[in-house]
Structure formats: structure tokens, C-alpha cells
Number of protein chains: 2
Amino acid sequence: MAVNIQFSIAVHILAVLACGCDQGGVTSGHLAESVNTSPSFVRRILAKLSRAGLAETATGKAGACWLAKEARDISLLDIYRAVGAPRAISIHCYDKQKSCLVSCHIKAALEKALDKTQKAMEKSLAETSLAQIVSVLKKR
Amino acid sequence: MAVNIQFSIAVHILAVLACGCDQGGVTSGHLAESVNTSPSFVRRILAKLSRAGLAETATGKAGACWLAKEARDISLLDIYRAVGAPRAISIHCYDKQKSCLVSCHIKAALEKALDKTQKAMEKSLAETSLAQIVSVLKKR
DNA sequence: CTAACTGTTACTATAATAATTACAATATTG
DNA sequence: CAATATTGTAATTATTATAGTAACAGTTAG
């Protein structure tokens with residue numbers, strides 16, 4: 001699993017915060033247990049969420065973290081952007097072969113089409129909120 | 001670039017075949033030159049395209065390859081499926097922490113939402129044909 | 001002052017995937 | 001038939017994105 005899973009883990013983290021599973025302050029250690037990874041990795045993702053205004057954190061001895069806004073006001077797209085996840089489909093970046101028309105222009109042409117696809121994907125992500133995810137998983 | 005770029009290269013390959021840049025038979029060697037990679041890698045992708053019914057190949061001394069159907073009848077989705085490209089967004093697969101509700105059910109909940117997103121992306125890919133890509137790049 | 005956090009950086013390990021090599025199978029051509 | 005050039009495929013190696021780990025400065029509560 002060397003594939004980028006930060007988005008997925010970010011959703012997991014925010015879902016825990018949204019559930020308020022722990023009554024006291026939630027720390028990176030708690031989150032790491034729930035996710036089953038290291039506190040350090042959690043903190044790195046958490047810092048991105050914080051910078052993006054999705055979560056807030058407190059440093060110091062009673063350090064903790066919580067949602068910066070209502071779960072219904074956080075979309076999957078917000079989270080996707082916050083972690084800087086890679087594009088859905090990537091284009092090869094080998095050198096162009098100057099004598100070949102296709103080689104010279106395929107990337108620009110493909111990029112144009114894939115931009116549309118990326119937008120379609122992002123639109124779909126925008127349509128689901130963290131609150132919806134949480135409500136689904138609470139029913140189980 | 002350890003990211004999966006087979007889709008992108010498959011489009012490149014098929015675009016060359018669609019253009020009929022070379023008058024004679026196009027070989028994996030020609031394609032490799034245009035893409036700037038090894039003939040072997042091209043052949044591996046080409047074999048997938050052939051199995052998917054998008055390209056046809058001839059073995060033997062006069063070996064070559066060509067489109068199995070009209071460029072306008074090949075969609076980017078066909079190509080995406082042919083190469084078996086990974087999903088747009090992947091979910092982490094760490095062990096569940098049994099004592100945590102979120103940990104146990106987040107993946108199923110997220111998967112449901114991401115299925116929608118994957119479908120949106122595939123729908124968009126289905127809307128662009130190889131012929132469109134080729135017509136765009138010929139204008140440059 | 002001490003303890004327990006976060007934020008961040010630097011480094012290592014892992015794994016997905018590209019690149020390379022090799023070779024059997026196949027078809028053309030002389 | 002022999003020589004040759006190709007595809008198809010498997011095995012191996014190299015690369016690189018990214019996860020994992022460790023360390024530490026900065027911060028705050030007690």
C-alpha cells in the first residue's frame with residue numbers, strides 16, 4: 001500500500017472527531033489507535049486539516065483536537081483538497097519525440113479531457129458531507 | 001513517477017495508431033520511440049489493449065498493430081478499463097480497532113460514498129472518444 | 001520545573017510500478 | 001529450409017512515491 005491514502009485517513013480522523021467518541025480531549029495518540037497507525041503520521045495529516053480550517057488543535061500539556069466547524073459543513077471535497085491528494089488520473093511525463101505529432105501534443109490534448117474528469121470527480125465529492133458519512137456509519 | 005501511468009500511455013499508443021503516422025506497419029519499437037519508453041513496456045500495455053478488443057496485433061517477422069475499431073467508437077473509459085487502472089481514490093486497509101465504532105465502520109461508509117465518485121469519474125471518461133483526442137491534437 | 005502534548009523535520013522502510021532482460025513462439029522472406 | 005524480425009510473456013532489477021519512525025523544539029497545564 002504505497003498508494004496515497006491520506007484522504008481516507010483524514011476522513012477517518014474527522015469522523016472520530018465528529019463522533020466525539022472520547023469525552024475528554026482527543027489526542028493524536030487516540031486517533032492513531034483508532035486508525036491503527038503512528039501518532040506522528042496522524043499529526044502530519046491533522047496539521048494539514050488544521051491549516052485548511054477543518055480542524056483545530058491545542059498545543060501544550062492538555063493538547064487536543066476538534067472539528068473547526070459543523071460536520072454538515074465539511075464536504076469530502078474540502079478534505080480532499082486539504083490533504084493535497086493527487087489527481088484521479090495522472091499523465092506520463094516522458095520527453096517528447098519531436099518528429100512525432102502525437103508525441104508532441106498528446107499530453108495537452110489528454111490533459112484537457114482529464115480536467116473535465118477531475119472536475120466531475122470533485123463535484124461528486126462536494127456532494128457528500130462528513131455528517132452523511134458519520135450518519136451512515138452510526139447505523140451499523 | 002511510480003504512479004500508475006499505463007492509462008496515459010495507452011491513450012498515447014492508440015492515438016498514434018489512430019493517426020496512422022507511419023504508413024507501413026507500426027511496431028512496438030515505433031510506439032516506444034514516440035512514447036519514449038521501452039518496447040517491452042509498450043508490448044505489455046498493447047497486449048492488454050488487444051485482449052480488450054481495442055487493438056489488433058500480428059506476430060511474426062512483419063509484426064505490427066492497428067486499431068481494432070474506429071477511433072470514434074473507443075472511449076477513454078474503454079481504455080481505462082482495458083489497462084486495469086486503479087480507482088481514483090483508495091481507502092486505507094489497516095486493521096480495525098474493535099473498541100471504536102468509527103474504526104469498525106468508516107471504511108464501509110466511505111466506500112459507499114466513493115463508489116458514487118468513481119462512477120461520476122467513469123461517466124466523464126465515457127463521454128470522450130479517442131477520435132476527439134486525436135482531433136484536438138491535430139489542431140496544434 | 002516537569003510532564004504531556006503538537007508541529008515539524010529528517011531519515012528509513014515498504015511497496016507499487018516502471019525498466020530491463022531474456023526467450024519461446026510465430027510469421028515473412030529469400 | 002534457414003535467417004530474421006517481430007509479438008507475448010515471464011523473471012528480475014531499479015526507481016520512486018509514500019508510509020513509518022524517531023527526534024526535538026515549542027507550548028501549556030499543573
Side-chain angles (χ1 to χ4, degrees), chain A residues 1-10 12-13 17 22 24-33 35-52 54-66 68 82-95, chain B residues 1-10 12-13 17 22 24-33 35-52 54-66 68 82-95:
Chain A
M1 188 202 312
V3 134
N4 193 311
I5 54 173
Q6 289 186 32
F7 167 78
S8 166
I9 291 180
H12 187 147
I13 289 172
L17 298 183
D22 285 291
V26 178
T27 66
S28 64
H30 297 145
L31 292 169
E33 264 184 50
V35 175
N36 248 313
T37 185
S38 66
S40 188
F41 189 36
V42 166
R43 284 204 296 276
R44 244 185 304 165
I45 295 176
L46 206 46
K48 287 185 187 178
L49 296 175
S50 165
R51 275 192 288 271
L54 304 183
E56 289 178 349
T57 58
T59 59
K61 180 165 182 188
C65 50
W66 58 90
V83 298
R87 312 197 93 215
I89 297 182
S90 44
I91 300 184
H92 63 288
C93 51
Y94 301 133
D95 286 344
Chain B
M1 186 203 316
V3 133
N4 193 311
I5 54 173
Q6 289 186 35
F7 168 77
S8 164
I9 292 180
H12 187 147
I13 289 172
L17 298 184
D22 286 290
V26 178
T27 66
S28 63
H30 297 144
L31 292 168
E33 263 183 50
V35 176
N36 248 312
T37 185
S38 66
S40 186
F41 189 36
V42 166
R43 284 205 296 274
R44 245 186 305 164
I45 295 177
L46 207 46
K48 287 184 186 180
L49 296 175
S50 164
R51 276 193 288 271
L54 304 184
E56 289 178 349
T57 58
T59 59
K61 180 166 181 185
C65 50
W66 58 90
V83 297
R87 311 197 93 214
I89 298 182
S90 43
I91 301 183
H92 63 291
C93 52
Y94 301 133
D95 287 345

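Convention: sequence-line order gives letters A, B, ...; per-chain numbering from 1. Just so we're clear, the structure is a prediction, and the values are computed from it rather than from any experiment.
The interatomic distance linking A:H92 (NE2) with C:dA19 (C1') rounds to 15 Å, in whole Å. Atoms CZ (B:F41) and C1' (D:dG8) sit 16 Å apart, rounded to a whole Å. Distance, A:R43 CZ to D:dA23 C1': 11 Å, rounded to whole Å. Taking atom CZ of residue B:F7 and atom P of nucleotide C:dT17, one finds them 15 Å apart after rounding to whole Å. Regarding A:I9, its CD1 atom lies at a distance of 7 Å from the P atom of D:dA19, rounded to whole Å. For B:I13 and D:dG8, the CD1 to P distance is 12 Å, given to the nearest whole Å. If you take CG of A:L17 and P of C:dT6, they are 11 Å apart, rounded to a whole angstrom. Here D:dT7 presents its C1' atom at 14 Å from CG of B:L49, a figure rounded to the nearest Å.
Side chain of A:A47, nearest nucleotide from C:dA18, D:dT9, C:dT8: C:dT8. When each of C:dA19, C:dT6, C:dT8 is scored by its nearest atom to the side-chain atoms of A:T57, the top-ranked nucleotide is C:dT6. Closest to the B:S40 side chain, of the nucleotides D:dT7, D:dT21, D:dA10, is D:dA10.
When the side-chain nitrogen and oxygen atoms of A:T27 are compared with OP1 and OP2 of C:dC5, none of them lie within a distance under 4.0 Å. In this structure, A:Q6 reaches the D:dA19 phosphate: one of its side-chain N or O atoms is under 4.0 Å from OP1 or OP2. Regarding contacts with the backbone of D:dG20, a side-chain N or O of A:T37 is found under 4.0 angstrom from either OP1 or OP2.
If you check every strand for non-hydrogen atoms under 4.0 Å, B:S50 touches nothing. Across all strands, A:S38 comes closer than 4.0 Å to base atoms (heavy-atom distances).
With rounding to the nearest 0.5 angstrom, the CD atom of A:E56 is 12.0 Å from the CG atom of A:L49. Rounding to the nearest 0.5 angstrom, the gap separating the OG1 atom in B:T37 from the CD1 atom in B:I5 is 7.5 Å. Here the CD1-NE2 distance, from B:I13 to B:H30, works out to 14.0 Å after rounding to the nearest 0.5 Å.
Within 3.5 Å, no donor on the side chain of B:R51 pairs with an acceptor on the base of D:dG8, nor the reverse. In the interface, the side chain of A:R44 is paired with the base of D:dT21 through a donor and an acceptor atom under 3.5 Å apart.
In this structure a side-chain-to-backbone donor-acceptor pair under 3.5 Å is present from B:N36 to A:D95. Using a distance-only test at 3.5 Å, with no hydrogens or angles considered, no donor-acceptor pair links the side chain of B:S28 to the main chain of B:V42.
The shortest side-chain heavy-atom distance between B:L31 and B:C65 falls under the 4.5 Å cut-off. The shortest distance between side-chain heavy atoms of A:H12 and A:S8 does not fall below 4.5 Å.
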Close N or O pairs between protein and nucleotides 24-26 of chain C (under 3.5 Å):
| from | atom 1 | to | atom 2 | distance (Å) |
| --- | --- | --- | --- | --- |
| C:dT26 | O3' | B:T59 | OG1 | 3.3 |
| C:dT26 | O2 | B:G60 | N | 3.3 |

- [ ] Start with the C-alpha gap between A:F41 and A:I9, add the side-chain angles, then the distance that decides, and say whether side-chain contact (heavy atoms from CB on, under 4.5 Å) holds.
- [x] CA-CA 10 Å; A:F41 189 36; A:I9 291 180; 3.6 Å; yes
